[in-house]
Amino acid sequence: MGHRQIESDAYKAAKKSNKLCYREFSEVPKHDNFLAYIGDLANLFSGASLTDNANTGVVKLADGRVVCLTETIKGSIVIDPNTLDTLEKFEYSDSWGGLIHSAHPIVTNSEFLTLLPDLLNPGYMVARMDPGTNERKVIGRVNCRGGPSPGWVHSFPVTEHYVIVPEMPLRYCAKNLLKAEPTPLYKFRWCPESKGFMHVMCKASGKIVASVEVPLFVTFHFINAYEEKDEEGRIIGVIADCCEHYADTTILDNLRLQNLRSWGGEDVLPDARVGRFRIPLDGSEKGELYAALNPDEHGRGMDMCSINPNFLGKQYRYAYACGAQRPCNFPNTLTKIDLVEGTAKNWYDEGAVPSEPYFVARPGATEEDDGVVISMISDKNGEGYALILDGTTFEEIARAKFPYGLPYGLHGCWVPKN
């Protein structure tokens, strides 16, 4: 059992100077004077002042490399999965440039897909990278239909034939990005008048096959998507599921450390649901958004989701996520969602804060939920442990206690030994 800090430039600088030195997701360095602020702005446009603190996700590439990621492209760092040592920056060999990308690419044994927001000419480039290479090749482009800038794309879903590009009315905001102090919505702005859209791009041709207006939405994490077919097997639509916060941006401000620490026992976690988009492929102008099941099944909390990776882009039944046992100020349960029956099974341990549950299929499994669910738990006494649940019954199998305190973790991945 081991635990390491990623030796990013941001981490090393902060450790050396005992203060924040780079622009993080929700914080900016404190400047000693106005000239220092102007210098920081100049470095912002080149990307030099942006963080490389790869604290968001971890992916195992098809060629075996394990990469830690965050919203900034420079924050892509290769680690050794055995020793957890920081090896090197993941440098792209293409000329597409850019400063930011989706923090959650789609990674399979055959490809790596990502979205590159274009802040100058609002839109998104959809790019693919083949195994064993560092070269992104652009499949196509989606132009934004609303707003002065692209919507935030922390994650996105795919199906067998399509890439789904969400255009959320929570949009990147240059004004907030330039401010010396963080705003309630960080580097974003809520623009309900710009509306929300879902775009569907063909993976093979880069052609946009659907672009529909949908009800306003706020989501960090998409769960999965699949193609809807008629009785003759023709694709008539796309279903895309996400952890949706009822178009309420207050979740961002609620997640500030000082707000979490000052909790007085009130039920302040904003409601969330499994939001299901239905995107018709018949030329319709509008799509649907509704709850895939009664949110009370999972305590009206829903985030940090995963599925059996063998069902990525396919029709599926089960999802695993963090839910809520009310009252709370943060997702505090693990939940197994049954999207066919519309029910949920929940694990809860008072005072425990679980990280994203990750499903690992049993070798040779034929059922979708035949496997185990793993989550790293930060316990109420400052300790931590790895929790293993039965993927079918959702009953606890084992705990592996860490010999030290465990800070809260966001996302992880399963890296097989062989």
Open item on the list: Going by side-chain contact (heavy atoms from CB on, under 4.5 Å), Ile106 matches just one of Val163, Thr114, Val59, Val158. Which one?
Closed with: Val158

Task: Side chain proximity check, Asp253 to Leu185, heavy atoms < 4.5 angstrom - done: no

- [ ] List for me each residue that meets side chain to side chain donor-acceptor pair (under 3.5 Å) alongside Gln325, sequence neighbours excluded, and say none if there are none.
- [x] none

Task: Gap between atom CD1 of Ile337 and atom CE of Met302 - 0.5 Å precision - done: 4.0 Å

Open item on the list: Do Tyr246 and Pro295 have side chains that approach each other closer than 4.5 Å (heavy atoms only, starting at C-beta)?
Closed with: yes

Task: Glu285 vs Glu213 side-chain heavy atoms within contact, under 4.5 Å - done: no

TODO: Compare all side-chain heavy atoms of Pro280 with those of Arg278 and state whether any distance is below 4.5 angstrom.
DONE: yes

- [ ] Report yes if the distance between the aromatic ring centroids of Trp414 and Phe359 is under 6.0 Å, otherwise no.
- [x] no

TODO: Evaluate salt bridge (Lys or Arg N to Asp or Glu O under 4.0 Å) for Asp118 paired with Arg141, printing each intermediate quantity in order.
DONE: CA-CA 10 Å; Asp118 185 343; Arg141 177 188 165 89; 3.0 Å; yes

TODO: Looking only at non-hydrogen atoms, find the nearest pair between Ala321 and Pro357 and report the distance.
DONE: N-CG, 3.5 Å

TODO: State whether a side-chain donor-acceptor pair under 3.5 Å links Thr83 with Asp85.
DONE: yes

Open item on the list: Any non-hydrogen side-chain atom of Met304 less than 4.5 Å from a side-chain atom of Pro331?
Closed with: no

Task: Approximate separation, where rounding is to 0.5 Å, of Ser149 OG and Asn121 CG - done: 12.0 Å

TODO: Compare all side-chain heavy atoms of Ile100 with those of Tyr172 and state whether any distance is below 4.5 angstrom.
DONE: yes

Task: Of all pairs that satisfy salt bridge (charged side-chain N to carboxylate O under 4.0 Å, His left out), the ones with a partner from residues 385-396, not counting sequence neighbours - done: Glu396-Arg399

Open item on the list: Between Glu167 and Lys195, does any NZ, NE, NH1 or NH2 come within less than 4.0 Å of an OD or OE carboxylate oxygen?
Closed with: no

Open item on the list: Working to the nearest 0.5 angstrom, can you tell me the gap between Asp80 CG and Asn82 CG?
Closed with: 5.0 Å

TODO: Check the pair Met168, Phe220 against side-chain contact (heavy atoms from CB on, under 4.5 Å), reporting the backbone distance first and the verdict last.
DONE: CA-CA 10 Å; Met168 187 163 57; Phe220 305 155; 5.9 Å; no

TODO: Check the side chains of Thr108 and Ser110 for a donor-acceptor pair under 3.5 angstrom, ignoring hydrogens and angles.
DONE: yes

Open item on the list: Looking only at the aromatic ring of each residue, does the gap between the centers of Phe330 and Tyr408 stay below 6.0 angstrom?
Closed with: yes

Task: salt bridge (charged side-chain N to carboxylate O under 4.0 Å, His left out) partners of Asp369, counting only residues at least two apart - done: Lys336

TODO: Measure the spacing between CG of Asn308 and OH of Tyr316 and express it to the nearest 0.5 Å.
DONE: 12.0 Å

TODO: Report the C-alpha distance between His221 and His411 in whole Å, list the side-chain angles of each, state the deciding distance to 0.1 Å, and finish with yes or no for side-chain contact (heavy atoms from CB on, under 4.5 Å).
DONE: CA-CA 11 Å; His221 300 113; His411 304 278; 3.0 Å; yes

Open item on the list: Please check: side-chain N/O of Arg317 versus main-chain N/O of Val340, any donor-acceptor pairing under 3.5 Å?
Closed with: no

Task: Cys243 side, atom SG; Arg273 side, atom CZ - distance, nearest 0.5 Å - done: 12.0 Å

TODO: Would you confirm whether the ring centroid of Phe222 sits within less than 6.0 angstrom of the ring centroid of His104?
DONE: no

TODO: State the NE2-CG distance between His245 and Leu269, to the nearest 0.5 angstrom.
DONE: 8.5 Å

Task: Heavy-atom check, side chain of Arg189 versus side chain of Pro148, under 4.5 Å - done: yes

Side-chain polar contacts of residues 63-70 - donor-acceptor pairs under 3.5 angstrom, sequence neighbours left out - could you list them?
from, atom 1, to, atom 2, distance (Å)
Asp63, OD1, Arg65, N, 3.1
Asp63, OD1, Arg65, NE, 3.3
Asp63, OD2, Arg65, NE, 3.1
Asp63, OD2, Arg65, NH2, 2.9
Asp63, OD2, Gly132, N, 3.1
Arg65, NH1, Asn134, OD1, 2.9
Arg65, NH2, Thr133, O, 3.2
Arg65, NH2, Asn134, OD1, 3.2
Thr70, OG1, Thr56, OG1, 3.2

TODO: Assign the ring pair Tyr404 / Phe402 to parallel, tilted or perpendicular, where the plane angle (0 to 90°) is split at 30° and 60°.
DONE: parallel

TODO: For residues Pro81 and Lys60, determine if any side-chain heavy atom of one lies less than 4.5 Å from a side-chain heavy atom of the other.
DONE: no

Open item on the list: One pair to check against side-chain contact (heavy atoms from CB on, under 4.5 Å): Ile208 and Met201. What are the steps and the verdict?
Closed with: CA-CA 4 Å; Ile208 308 297; Met201 177 184 288; 3.7 Å; yes

TODO: Not counting sequence neighbours, list each pair that qualifies as a salt bridge (charged side-chain N to carboxylate O under 4.0 Å, His left out) and has a residue in residues 90-106.
DONE: Asp94-Arg136

- [ ] For the residue pair Glu135 and Ser93, confirm or rule out a side-chain donor-acceptor distance under 3.5 Å.
- [x] no

Task: Contact list for residues 267-306, test ring-ring contact (aromatic ring centres under 6.0 Å, His included), sequence neighbours left out - done: Phe217-Phe277

Open item on the list: Keeping Tyr162 on the side-chain end and Val209 on the backbone end, is there a donor-acceptor pair under 3.5 Å?
Closed with: no

